[in-house]
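Following: one structure in structure tokens, then a few remarks.
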Amino acid sequence: DAKKVLPKVFKGLEEEFYCGCKYTGKEVDFASCGYVPRKDEKRARRIEWEHVVPAWVIGHQRQCWQNGGRKNCVANDPVFQMAEGDLNNLVPAVGEVNGDRSNFAYGAWTKNPEPMYGQCKTIIDFQGKRAQPREEVRGSAARISLYMHTHYDLKMSNQDKQLWCAWAKTYPVNAWEKERNTRIIELQGEGNALITDPAGLGAICG
């Protein structure tokens, strides 16, 4: 159901999350962002809906996951169903980058990322199992991550919390983030309070 309404959420700004590529329908425009596939051109050409907080993070500590993995959670756990389909946590992404990111945590380890996908500024550290998103979306990624972890009572490491709080403060809410949030509220009844009430960030981050 989330996938059916997400095109409405992003209508008018069809720009994917990790590389800033424009897209039409489900087709990525490589020329718009200087994207060069790393390995899987077929998957790179399509837009996929990326969970900023991965489904694995949402589910792996839940009983349903331990008793049958994601499939069991989707079928039998109402809280997981709600979290997995929460529009606040879903963004359009180049399929290849979505696949490469997997369930890796976000990190920031270099100011001069060596390109992996042409001119795309997002990079993946496969060995360290971490992903460094481009600067333009770090604030949004941080606010989504903090919202999901507090709203669904997910365990949050001090390291992750410090990073997200730093990003959320360094990269403030922009006009598009507010517009996206308004559309999500219209469709889902609830958006991300950290966007509408930035003071809420202080309650989490101090």
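Since we're looking at a predicted model, the values are computed, not measured.
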_Residue list, side-chain hydrogen bond (donor to acceptor under 3.5 Å, both in side chains) with Gln119, at least two apart or on another chain_ = none
*Hey, does the side chain of Ser102 reach the backbone of Gly99 with a donor-acceptor pair shorter than 3.5 angstrom?*
no
*Which class fits the ring pair Trp49 and Tyr23: parallel under 30°, tilted 30 to 60°, perpendicular over 60°?*
perpendicular
*Report, as yes or no, whether the 6.0 Å neighbourhood of atom CG on Asp197 holds more than 12 heavy atoms from other residues, nucleotides or ligands.*
yes
*Heavy-atom donor-acceptor pair, Asn103 side chain to Pro54 backbone, under 3.5 Å*: no
*Quick one: CD1 on Ile123 to CG on Asp100, what's the gap to the nearest 0.5 Å?*
12.0 Å
*Donor-acceptor pair, side chain of Thr122 and main chain of Arg134, under 3.5 angstrom*: yes
*Hey, is the main chain of Gln61 close enough, under 3.5 Å, to the side chain of Gln66 for a donor-acceptor pair?*
yes
*Please confirm whether the backbone N or O of Glu14 pairs with a side-chain atom of Glu16, one donor and one acceptor, at under 3.5 Å?*
no
*Is His60 reaching over with its side chain to a backbone N or O of Trp65, donor-acceptor style, under 3.5 angstrom?*
no
_Donor-acceptor pair, side chain of Glu15 and main chain of Lys22, under 3.5 angstrom_ = no
_Please give me the minimum heavy-atom distance between Leu87 and Ile184, naming the atom from each residue._
O-CD1, 3.7 Å
*Donor-acceptor under 3.5 Å (Arg180 side chain, Asn88 main chain)*: yes
*asked:* Regarding Cys33 and Cys19, I want to know if their SG-SG distance comes in below 2.5 Å, which is how I'm defining a disulfide.
replied: no
_Aromatic plane relationship, Tyr147 with Tyr152 - under 30° parallel, 30 to 60° tilted, over 60° perpendicular_ = perpendicular
*Is there a path of hydrophobic side-chain contacts, each under 4.5 Å between heavy atoms of I, L, V, M, F, W or Y residues, that connects Met82 with Val91?*
yes
*Donor-acceptor under 3.5 Å (Arg101 side chain, Phe104 main chain)*: yes
_ring-ring contact (aromatic ring centres under 6.0 Å, His included) involving Tyr35 - partner list, sequence neighbours excluded_ = Phe30, Tyr117
*asked:* Could you check whether Asp125 and Gln132, counting side-chain N and O atoms only, form a donor-acceptor pair closer than 3.5 Å?
replied: no
*Okay, side chain of Asn192, backbone of Arg143: is any donor-acceptor separation there less than 3.5 Å?*
yes
*Does the side chain of Met148 reach to within under 4.5 Å of the side chain of Val52, using non-hydrogen atoms?*
no
*asked:* Using disulfide bond (SG atoms under 2.5 Å apart), reason through Cys21 and Cys120 one step at a time and then give a plain yes or no.
replied: CA-CA 9 Å; Cys21 303; Cys120 177; over 6 Å; no
*Is there a side-chain contact between Glu177 and Tyr171 (heavy atoms, below 4.5 Å)?*
no
*Minimum-distance pair of heavy atoms, taken over all atoms of Leu154 and Ile58*: CD2-O, 3.9 Å
*What distance separates Lys11 NZ from Leu6 CG, expressed to the nearest 0.5 Å?*
14.0 Å
*In this structure, which one of Glu96, Glu50, Glu136, Lys121 forms a side-chain hydrogen bond (donor to acceptor under 3.5 Å, both in side chains) with Tyr18?*
Glu50
*Minimum side-chain heavy-atom gap Leu90-Lys3 below 4.5 Å*: no
*In Å, rounded to the nearest 0.5 Å, how long is the span from CD of Glu135 to NZ of Lys111?*
8.5 Å
